[in-house]
Amino acid sequence: MNILYGVPGEGLGHATRSKVVIGHLLAQGHDVRAVSSSRAFHVLDAAFPGRVLEIRGFHLAYKGLAVSKSRTSALILRTAPVSLQRNFRQYQQLLHDFRPDVVVSDFESFSYFYAKAHGLPVVSIDNMQIISRTRLDVAVPPQERGNYQLAKNIVRLKVPRSRHYFVATFFTPPVSKARTTLVPPIIRPEILAARPSQGPHILVYQSATTQHDLVALLQQLPEQEFRVYGFNKEESHGNVQLKAFSEAGFIADLASSRAIITNGGFSLISEAVFLHKPICAVPIPAQFEQWLNAAEVEKLGYGRHFAAITADNIRAFVGGLPGFAGALASYAQDGNAVLFANLDACLAGLAAE
């Protein structure tokens, strides 16, 4: 089949997992073209040269450590006219030499609109649909209910009436809507090949690097060794090492860590769960999906969920490491076999139609 694959540019989690699925689809003999933006475009274009079109995507704007709804809205309104013109030209190019049979969307809108404009079926593969297509099994506190409702509304509107929804997740709340299949998280080959061990360090990853007191805060725990990614620097501050980004170095530090401290991003939490690494999750404020991932980490006994990184919170997390490791020991998944088998069956059904 000819498959158009849409990947958003916000964050690299979408790109890394979509790269795994696109590689599988190509290996199965499908002709795949992808559309993406920003850093995700460059990741995919390097992996699949000549198969990726660059479009203009929408991005989040931050105020401090939190997502700013007003700044994000203003950013979208300011950039939308130019973005839409560029995307229209790119889709004209796509239509000129490629006729998709089906669209696969990892929470990406423009490929979805293309599908609807041309009467094509859409298959959704992402983790966000967990918010709207299941009954959550954690209590949402009053202060998060507004974020929950906003997130649910956005997710519902993103790729509605898709032919099927494959929802990647490390937790399994009851499914509440038809045409929905929960699958284990998509794990990239480098993580599948990693051999986990327990070194002396705790890996720290912060995508929002506006918390400038992080190093001083970690230095309050001199008995712990921290390797920090996110500032893209190579510096040593006693028990705190800042690390410039290197995919191989990051994976090696993750696989050999005692535990991780991160926000609520799905990709890294999923990789930590797969490698049985206890997790201290501190979600970015006003991002409900991150709050949900962190809440599930604590519910499952895989780690702790805190609203902020403090020395006391880290001490509490470190004190619970043996129990978290015990809970994680029971987690197992067979690579990406479940998703691939279900996706292949879905596409075979669409081809038969």
Side-chain angles (χ1 to χ4, degrees), residues 1-59 86-87 90-91 93-94 97-98 100-112 114-115 122-128 166 168 183-194 205 207 229 232 244-255 265-268 270-271 274-275 333 335-344 346-347:
M1 300 182 76
N2 291 343
I3 299 173
L4 174 62
Y5 206 117
V7 184
E10 187 71 37
L12 288 181
H14 298 280
T16 55
R17 67 170 174 247
S18 295
K19 186 167 72 169
V20 173
V21 182
I22 292 171
H24 169 76
L25 293 172
L26 291 170
Q28 295 299 108
H30 301 289
D31 188 0
V32 184
R33 308 292 172 88
V35 289
S36 190
S37 61
S38 192
R39 294 171 65 198
F41 163 76
H42 296 290
V43 169
L44 294 172
D45 186 52
F48 309 108
R51 292 186 176 273
V52 188
L53 281 176
E54 184 175 16
I55 59 173
R56 292 284 182 90
F58 299 138
H59 303 287
R86 177 183 177 85
N87 293 347
Q90 292 295 69
Y91 278 121
Q93 176 184 337
L94 178 69
D97 60 5
F98 184 68
D101 302 305
V102 61
V103 166
V104 177
S105 174
D106 183 343
F107 212 64
E108 196 277 324
S109 295
F110 291 106
S111 57
Y112 173 83
Y114 180 95
V122 178
V123 176
S124 169
I125 305 176
D126 65 48
N127 62 293
M128 297 294 293
F166 294 105
V183 298
I186 300 167
I187 304 297
R188 49 185 165 151
E190 297 84 355
I191 297 296
L192 292 175
Y205 175 73
S207 57
Y229 285 84
N232 203 26
F245 182 75
S246 155
E247 184 174 21
F250 181 84
I251 292 173
D253 282 341
L254 172 61
F266 178 77
S267 295
L268 180 52
S270 296
E271 292 178 349
F274 180 79
L275 295 172
Q333 74 175 79
N336 301 304
V338 173
L339 170 62
F340 289 166
N342 279 276
L343 178 59
D344 291 346
C346 178
L347 293 175

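Computation of the quantities below employed the complete heavy-atom set of this structure, encompassing side-chain atoms and omitting hydrogens, waters and symmetry-equivalent molecules.
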Handout entry: Min side-chain heavy-atom separation Leu347-Leu25 under 4.5 Å
Key = yes
Exercise for the section: Drop me the distance from Phe266's CZ to Met128's CE, to the nearest 0.5 angstrom. Expected result: 11.0 Å
Completion exercise
Correct closest heavy-atom pair for Arg39 and Leu12 would be NH2-CD1, 3.0 Å
Handout entry: Name of the residue among Ile55, Thr16, Val104, Leu44 meeting side chain to side chain contact (heavy atoms under 4.5 Å, CB included) with Val7
Key = Leu44
Exercise for the section: Report yes if the side chains of Pro185 and Ile187 come closer than 4.5 Å at any heavy-atom pair, otherwise no. Expected result: yes
Exercise for the section: Using the side chain to side chain contact (heavy atoms under 4.5 Å, CB included) rule, take Phe41 and Leu53 through it: C-alpha gap first, then chi angles, then the decisive distance, then the call. Expected result: CA-CA 8 Å; Phe41 163 76; Leu53 281 176; 6.0 Å; no
Problem - Exercise: identify the closest heavy-atom pair between Ala15 and Ala40 - result: CB-CB, 3.7 Å
Fill in the blank from the handout: Ala194 and Leu275 have their tightest heavy-atom pair at CB-CD2, 4.4 Å
Completion exercise
Closest non-hydrogen contact found for Pro100 with Tyr114 is CD-OH, 3.6 Å
Practice task
Answer yes or no: is there a side-chain heavy-atom contact under 4.5 Å between Phe110 and Glu108?
Solution key: yes
Handout entry: Non-hydrogen side-chain atoms of Asp101 and Ile3 separated by less than 4.5 Å
Key = no
Practice task
May I have the step-by-step check of side chain to side chain contact (heavy atoms under 4.5 Å, CB included) for Asn2 and Phe98, ending in yes or no?
Solution key: CA-CA 8 Å; Asn2 291 343; Phe98 184 68; 3.6 Å; yes
Exercise for the section: Could you tell me which residues satisfy ring pair (Phe, Tyr, Trp, His ring centres under 6.0 Å) with His24, sequence neighbours excluded, listed by chain and number? Expected result: Phe340
Handout entry: Arg17 bridged to Glu271 by N-O distance under 4.0 Å
Key = no
Exercise for the section: Taking the side chain as every heavy atom from C-beta outward, state whether Phe107 and Asn127 have any pair of such atoms under 4.5 Å apart. Expected result: no
Problem - Side-chain heavy atoms of Phe166 within contact of Leu339, under 4.5 Å - result: yes
Problem - Short side-chain to backbone donor-acceptor contact, Asp106 and Ser18, under 3.5 Å - result: no
Problem - 4.5 Å side-chain heavy-atom contact, Tyr5 and Ser111 - result: no
Problem - Sub-6.0 Å ring centroid separation between Phe250 and Tyr229 - result: yes
Practice task
Report yes or no: does Asn342 contribute a side-chain atom to a donor-acceptor pair with the main-chain N or O of Val338 at less than 3.5 Å?
Solution key: yes
Handout entry: Test item: Gln28 and Met1 side chains (from C-beta on) under 4.5 Å apart, heavy atoms
Key = no
Practice task
Step by step, work out the salt bridge (charged side-chain N to carboxylate O under 4.0 Å, His left out) result for Arg51 and Asp31.
Solution key: CA-CA 9 Å; Arg51 292 186 176 273; Asp31 188 0; 2.8 Å; yes
Completion exercise
Rounded to the nearest 0.5 angstrom, the NE2-OG distance for His14 and Ser105 is 9.5 Å
Practice task
Using the side chain to side chain contact (heavy atoms under 4.5 Å, CB included) rule, take Val183 and Ile125 through it: C-alpha gap first, then chi angles, then the decisive distance, then the call.
Solution key: CA-CA 10 Å; Val183 298; Ile125 305 176; over 6 Å; no
Handout entry: Partner of Val32 under side chain to side chain contact (heavy atoms under 4.5 Å, CB included), chosen from Val52, Leu4, Leu26
Key = Leu26
